[in-house]
There are 2 protein chains.
Amino acid sequence: MKRGVLIVLSGPSGVGKGTVRKALFEEPDIDFQYSISMTTRQPRTGEVDGEDYFFVTREQFEDAIKHNEVLEYAQYVGNYYGTPKAYIEKTLAAGKDVLLEIDVQGALQVKEKMPEGAYIFLTPPNLRSLKTRLIGRGTENLDVINRRVQTAASEIRMMKNYDYAVVNDEVAAAVDRIKDIIKIERLRVERVLPEYISMIEEFEKL
Amino acid sequence: MKRGVLIVLSGPSGVGKGTVRKALFEEPDIDFQYSISMTTRQPRTGEVDGEDYFFVTREQFEDAIKHNEVLEYAQYVGNYYGTPKAYIEKTLAAGKDVLLEIDVQGALQVKEKMPEGAYIFLTPPNLRSLKTRLIGRGTENLDVINRRVQTAASEIRMMKNYDYAVVNDEVAAAVDRIKDIIKIERLRVERVLPEYISMIEEFEKL
């Protein structure tokens, strides 16, 4: 069984990761599994355990951290959010690709543990357009926006830890680029070499 | 000016590198330069200097080797054949991609000098089909064919020095994969990071 590819989609806050991820899963020819997060927060109406999140208690989450069962985690408004390792491992081992959409801090934590993934950094076409987009949302004041653009600038510097940079100039174009990356990642030598080596060994036995 | 990408197409003898390369250049949406070799052999009727080959004297070739102006070279039936560095450098600096089709030994020499290239290893679907293909050519006896298949097996082990493995099961499919690789190589972070860093620096000056 050929192992699946872990695809990590990340990028600065406000760049449109969630939108691109949703558009990606609406593509008819996409066949990968979305990585389900684990959280200690209460399920909201309609949320299903094991679909939207794995809902766990604080004790269970801290236990998972202690036993190295989370790839990355953070606390937000008093709750833990994280990526459980077993689910991803099981899916990859079954030969299915996994997509993980995650912020820059989380992606760097994951990379330490699973460097073999394909790390994609979604970027704004430029910082000016990121600022315009944040202003357009109308949900934050200019001070907050300026701080977020500064953060984006420093996060773009973190791009060096990734494999690919995909500009989110247009969602459909970004989705196409990501689909191409996934296709091509399967041709990378480090992923296919073991198969070829066994082919040679088979042949030499004849 | 954004630097072009050096694409190195290589693989075992008999795998069909030349056929794939020719098919690639017949694609309407391909825009890269074929790397022209340098040789000391006499031009054949119809061959044009600077198009088919750069035709040079033995003294000129040895001078180029001495001055580190060839990326790789070999001797064959008393003549030198090699890849001149200046032509590739100039083309890449002008922002144009360059394709170099070359045997495994040559590719490894080039990689030492230009590791930033995209190294593509063309493989037979399996060693049995390589053998069938060589027998089908009808130009060599079985001893020679068996030796070539053994060489192919040991060359496949050299795949580890490459970035991508492309199966040449069908020429059109191999061409499509190579076109996708070239597209995706342009998204690799090591190629685009400098642009983004200057974008941030521009923005922070405002």
Side-chain angles (χ1 to χ4, degrees), chain A residues 10-12 118-131 146 149-167 173-174 176-206, chain B residues 10-12 118-131 146 149-167 173-174 176-206:
Chain A
S10 182
Y119 288 79
I120 303 174
F121 191 90
L122 202 64
T123 74
N126 54 64
L127 291 172
R128 203 183 287 272
S129 74
L130 177 67
K131 191 165 170 176
N146 280 333
V149 174
Q150 276 313 316
T151 306
S154 66
E155 285 184 328
I156 288 173
R157 291 207 160 91
M158 286 167 152
M159 193 195 276
K160 66 171 185 296
N161 300 299
Y162 289 75
D163 301 308
Y164 303 97
V166 168
V167 182
D176 280 349
R177 288 178 198 122
I178 293 169
K179 284 169 70 176
D180 282 338
I181 289 173
I182 298 166
K183 204 156 69 177
I184 290 314
E185 269 292 314
R186 296 203 187 93
L187 305 180
R188 289 200 66 89
V189 161
E190 60 269 30
R191 298 196 195 279
V192 299
L193 192 57
E195 279 173 71
Y196 282 97
I197 296 295
S198 26
M199 177 184 87
I200 295 172
E201 284 164 358
E202 285 297 308
F203 188 82
E204 284 173 345
K205 262 186 256 161
L206 298 180
Chain B
S10 184
Y119 288 79
I120 302 174
F121 191 90
L122 203 63
T123 74
N126 54 65
L127 290 171
R128 201 182 288 271
S129 75
L130 177 68
K131 192 165 172 176
N146 280 333
V149 174
Q150 276 313 316
T151 306
S154 66
E155 284 184 329
I156 288 174
R157 287 179 204 273
M158 285 168 152
M159 194 195 275
K160 65 174 187 294
N161 300 298
Y162 290 74
D163 300 308
Y164 303 97
V166 168
V167 182
D176 280 348
R177 289 177 198 123
I178 294 169
K179 285 168 71 177
D180 281 338
I181 289 173
I182 298 165
K183 206 156 67 177
I184 290 313
E185 269 293 312
R186 296 204 186 93
L187 304 181
R188 288 199 68 87
V189 161
E190 60 269 29
R191 298 197 195 279
V192 298
L193 191 58
E195 281 173 68
Y196 280 98
I197 297 294
S198 26
M199 176 184 87
I200 294 171
E201 284 165 357
E202 286 296 309
F203 188 81
E204 284 174 345
K205 262 186 254 161
L206 297 181

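To find a chain, count down the sequence lines: A is the first, B the second, and so on, and within it residues start at 1. Because only heavy atoms are used, hydrogens play no part in the values below, and waters and symmetry mates are left out as well, while side chains stay in.
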- Rounded to the nearest 0.5 angstrom, the OH-CD distance for B:Y164 and A:E190 is 9.0 Å

- Query: chain B heavy atoms under 4.5 Å from A:R191: which part of the residue, side chain, backbone, both or neither?
  - Reply: neither

- Task: Examine whether an atom of B:P124 lies under 4.5 Å from a heavy atom of chain A, and if so say whether it belongs to the side chain, the backbone or both; otherwise answer neither.
- Result: backbone

- Contact origin within A:K183 toward chain B - heavy atom pairs under 4.5 Å: side chain

- Would you name the heavy atoms of B:V192 and A:A165 that are closest together and state the gap between them? CG2-CB, 3.5 Å

- Query: When rounded to the nearest 0.5 angstrom, what is the spacing between CE in A:M159 and CD1 in B:I200?
  - Reply: 7.0 Å

- Query: Using non-hydrogen atoms only, which part of A:P125 is less than 4.5 Å away from chain B: side chain, backbone, both, or neither?
  - Reply: backbone

- Message: Please identify which of these residues, B:I181, B:D180, B:I120, meets the side chain to side chain contact (heavy atoms under 4.5 Å, CB included) condition with A:L187.
- Response: B:I181

- Please flag which part of A:S154 lies under 4.5 Å from any non-hydrogen atom of chain B: side chain, backbone, both or neither. neither

- What part of B:I197 gets closer than 4.5 Å to chain A, counting heavy atoms only: side chain, backbone, both or neither? side chain

- Note on the structure: Taking every heavy atom of B:Y196 against every heavy atom of A:V167, the minimum-distance pair comes out as OH-CG2, 3.0 Å

- What one should report as the nearest heavy-atom pair of A:I184 and B:R177 is CD1-O, 4.0 Å

- Portion of B:R186 that has a non-hydrogen atom of chain A nearer than 4.5 angstrom: neither

- Considering non-hydrogen atoms only, spot the tightest contact between B:K160 and A:V189 and give its length. CA-CG1, 3.9 Å

